[in-house]
Amino acid sequence: MSNSKIKIVNPYTKHKRKLPDGTEKEKPPSNKEIRRDIGNATGNSDTNTNTNTNNFPKNTGSSNINVSAQAAALCISASDKAGMEGIDREKIATIILKESGNSAYIQQQRRRDEKVNERVRHLQQRLQEASPRDYRVTDELDDTLRGYQQRQANRATCVVVDMDMFYMACELLSRPHLNDKPACVGREMILTSNYVARRYGVRSAMAGLIGRKLVEQLSDGREKLIQVPSNFKLYKEKSKIVNEVIREYDPHNMKAYSLDEVYLDIGPYLAVEEVVFRLRQHVKKATGGLTCSAGIARTHTIAKIASDANKPNGQLVVDPVSTLEFVRALPVRKIPGVGRVTEKLLQQVCNIHTGLELYEKRGLVQFLFQPATAEFLLKSSVGCSGEGSSFASFGTEQEESSDHQKGISRERSFSPESDWALLNIKLEEISRMLSEDMKRKSVMGHTVTVKVKLANFDVLNRA
DNA sequence: TACATACAC
DNA sequence: TATGGTGTATGTA
């Protein structure tokens, strides 16, 4: 009964779309990803070549294994974000752990992590029981991988433009005095931080309290984290300007993926580098000083990774010839789609840390992971992920392309509450918001889901 | 279909 | 001052 904190949502799956004239039509079946089995095993097994041709900052050895391990388990990573190279991760992790104490949230993180450990053990077990023949690299697998590489030998030139610390940068325009102080956007939850704050380990998705403690303690009380409330109206305005500028460079393929990321495919373009450089200058001028970084490559996925490499205010071209080399040097976590859990599974079950190792152990990957996941990972290992499918389409303006929207939802968090009458009122408010959204977008649905988050951060979904 | 997970921004 | 909101894909029963 002590489930007090509750979060209610109301997702809605839409398979029909109401037409302007009020009639409905069946939605075409969602683009089923063309998926084929990547062949089955027999081939060479591989021993452990631990090559490290890594351009990205490596985790340096830790002075305190325990803190590190715990912090890692709880997904506290102080590194691996632009502007966070060479900071004292150990010290930061210690403070975060101490300040997080035994909050309900941290306890939930521990429970979740234990589940992941369970998966690790399960896969390890499966590996133990398997014979090396089960995960050999077959000719078929290699044919498939070669196929991916050949198929995408098209002339695409993908560009990803990513605004630098976007929300923060918008706020800094009117508050230049915060440039050299630790500052962030967001109160309870930090949305983004400036580069000074990042030196203290303050980063997005961090609780405000933790950010404040980090700055206070790491500066011996000399500095204080300045928190600016978010102002999405401003960010949307700036984003619109950015999109307008960038659209001129690729009116046909330009897709706004979020407020601060844009994808282009400018085809075979001579002097791309110069063009993108000019584009970035143009963006900066039009927005009154916002900088962005860009990646240029044959696929959006590689371009996206590349856009991060020279952040802030930089760009990187990964030409077709150097794509493999680039991918192989990559820590797997840099691959979009590989998050905390997948990284852990790869590391602890397969001893895979880099793109190269992912490729070398492709037989193992194919054997251990589900087909869709294996295919994604293997494509990634040869620099071919995310071509046909993922960035399918995204409304460049606003709601027009809600044609293929798969769901619509609203959710709100609030402090623990166990009074059913009050909870009902909350549910009603949220439902009303959702229903208005749906009317506005003229969408229909056929499944309603209610999501409840308990005070201990467990989440329940009921359809 | 129902539910849970993982992931991205 | 104590951890967000929206959407997609995938896995499994």
Side-chain angles (χ1 to χ4, degrees), chain A residues 5 7-15 30-33 35 74-76 96 99-109 112 115-116 118-119 160 162-163 165-167 185-192 203-213 225 227 230 232 235 239 256-263 301 304 308 333 335-345 369-376 386 389-395 402 404-416 430 433-434 437 446-453 455-463:
Chain A
K5 170 150 183 188
K7 177 180 189 180
I8 300 168
V9 202
N10 222 341
Y12 214 119
T13 313
K14 167 181 64 97
H15 285 166
S30 58
N31 309 343
K32 194 76 185 168
E33 200 186 335
R35 174 185 315 169
L74 299 173
C75 185
I76 297 162
I96 295 176
E99 295 301 334
S100 299
N102 262 328
S103 63
Y105 178 76
I106 281 297
Q107 291 182 38
Q108 150 77 6
Q109 290 291 102
R112 279 185 55 187
K115 281 192 185 169
V116 176
E118 189 54 50
R119 281 180 73 184
V160 171
D162 190 313
M163 302 300 296
M165 49 169 190
F166 185 53
Y167 303 162
V185 174
R187 272 206 92 59
E188 294 85 5
M189 172 65 57
I190 293 168
L191 299 177
T192 171
R203 56 173 303 173
S204 55
M206 177 177 271
L209 178 76
I210 302 293
R212 294 191 287 277
K213 295 283 187 187
L225 177 65
Q227 297 185 267
S230 62
F232 278 87
Y235 315 146
S239 178
Y257 182 78
S258 66
L259 287 183
D260 75 331
E261 262 187 52
V262 178
Y263 290 72
T301 304
K304 164 79 182 133
D308 192 55
R333 187 62 163 85
I335 300 169
V338 175
R340 182 178 65 105
V341 174
T342 310
E343 178 189 36
K344 187 168 184 172
L345 294 179
F369 291 87
Q370 297 299 325
T373 308
E375 183 183 324
F376 157 72
S389 49
S390 65
F391 305 110
S393 81
F394 200 88
S402 67
H404 3 179
Q405 188 168 358
K406 303 276 179 60
I408 182 166
S409 69
R410 292 288 247 167
E411 60 186 86
R412 229 32 92 194
S413 291
F414 43 85
S415 42
I430 295 166
M433 289 193 281
L434 181 61
D437 289 349
H446 72 349
T447 306
V448 181
T449 302
V450 178
K451 169 171 158 187
V452 180
K453 188 190 286 187
N456 64 6
F457 289 93
D458 278 345
V459 173
L460 307 173
N461 286 290
R462 290 297 174 265

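These figures come from a predicted structure and were not determined experimentally. Chain A is the first sequence line, chain B the second, and so forth, proteins listed ahead of strands; every chain is numbered from 1. What's counted below: heavy atoms across the whole structure, side chains too, no hydrogens, waters or symmetry copies.
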From CE of A:Met163 across to C1' of B:dC9 the rounded distance in Å is 15 Å
Compare the minimum distances between each of C:dT10, B:dA4, B:dC9 and the side chain of A:Leu460, then state the nucleotide with the smallest one.
-> B:dA4
If we only count heavy atoms from C-beta on, is the A:Gln108 to A:Asn456 side-chain gap below 4.5 Å?
-> no
Student check: side-chain heavy atoms of A:Lys344 and A:Arg119 closer than 4.5 Å | no
Just name whichever nucleotide pairs with B:dA2, Watson-Crick or G-U, keeping both distances under 3.5 Å, else none.
-> C:dT12
A:Glu188 atom CD, neighbour heavy-atom count above 12 within 6.0 Å | no
Which nucleotide in the list B:dC9, B:dC7, C:dT10 gets nearest to the side chain of A:Thr342?
-> B:dC7
Can you tell which of B:dT5, B:dA6, C:dG5 lies closest to the side chain of A:Asn461?
-> B:dT5
Touch class at under 4.0 angstrom, heavy-atom based, for A:Gln108 against every strand present | nothing
Considering only C:dT3, B:dC9, B:dC3, which nucleotide approaches the side chain of A:Tyr257 most closely?
-> B:dC9
Assigned partner base of C:dG4, Watson-Crick or wobble definition, under 3.5 Å = none
Picking from C:dT12, B:dC7, C:dT3, which would you name as closest to the side chain of A:Arg340?
-> B:dC7
Does the side chain of A:Gln405 get closer than 4.0 angstrom to OP1 or OP2 of C:dT8 through an N or O atom?
-> no
State whether A:Lys451 places a side-chain N or O below 4.0 Å from either non-bridging phosphate oxygen (OP1 or OP2) of B:dA4.
-> no
Using a 4.0 Å heavy-atom cut-off across all strands, classify A:Ser204 as base, sugar-phosphate, or nothing.
-> nothing
Hey, can you tell me if A:Tyr167 and A:Tyr235 have their rings parallel, tilted or perpendicular (30° and 60° cut-offs)?
-> parallel
If each of A:Leu259 and A:Arg119 is mapped to the nucleotide of DNA chain B with the nearest heavy atom, which maps nearer the 5' terminus, i.e. the 5' end?
-> A:Arg119
With side chains defined as the heavy atoms from C-beta onward, is the minimum distance between A:Leu225 and A:Ile190 less than 4.5 Å?
-> yes
Assign A:Arg462 to base, sugar-phosphate, or nothing according to its heavy-atom contacts below 4.0 angstrom with the strands shown.
-> sugar-phosphate
With nearest nucleotides of DNA chain C determined for A:Asp437 and A:Gln370 from heavy-atom distances, which residue corresponds to the more 5′ nucleotide?
-> A:Asp437
Nearest of B:dC9, C:dG11, C:dT8 to any side-chain atom of A:Lys406?
-> C:dT8
A:Ser413 side-chain N/O to C:dG5 phosphate OP1/OP2 under 4.0 Å = yes
So do the side chains of A:Val160 and A:Tyr257 get within less than 4.5 Å of each other, counting heavy atoms only?
-> no
Would you say C:dT3 has OP1 or OP2 under 4.0 Å from some side-chain N or O of A:Arg187?
-> no
Assign each of A:Lys115 and A:Asp260 to its nearest nucleotide of DNA chain B by heavy atoms, then name whichever residue's nucleotide is nearer the 5' end.
-> A:Lys115
Counting side-chain heavy atoms from C-beta on, which of C:dT3, B:dA6, C:dT10 comes nearest to A:Thr373?
-> C:dT10
From the candidates B:dT5, B:dT1, C:dG5, the one with an atom nearest any side-chain atom of A:His446 is B:dT1
C1' atoms of C:dG4 and B:dC7, separation to the nearest Å | 15 Å
Hey, is the side chain of A:Thr447 poking within less than 4.0 Å of OP1 or OP2 on B:dT1, counting only N and O atoms?
-> no
Of the listed nucleotides C:dA2, C:dG7, B:dA4, the one nearest the side chain of A:Ser409 = C:dG7
From the list C:dT3, C:dT6, B:dC9, which nucleotide is the closest neighbour of the side chain of A:Arg410?
-> C:dT6
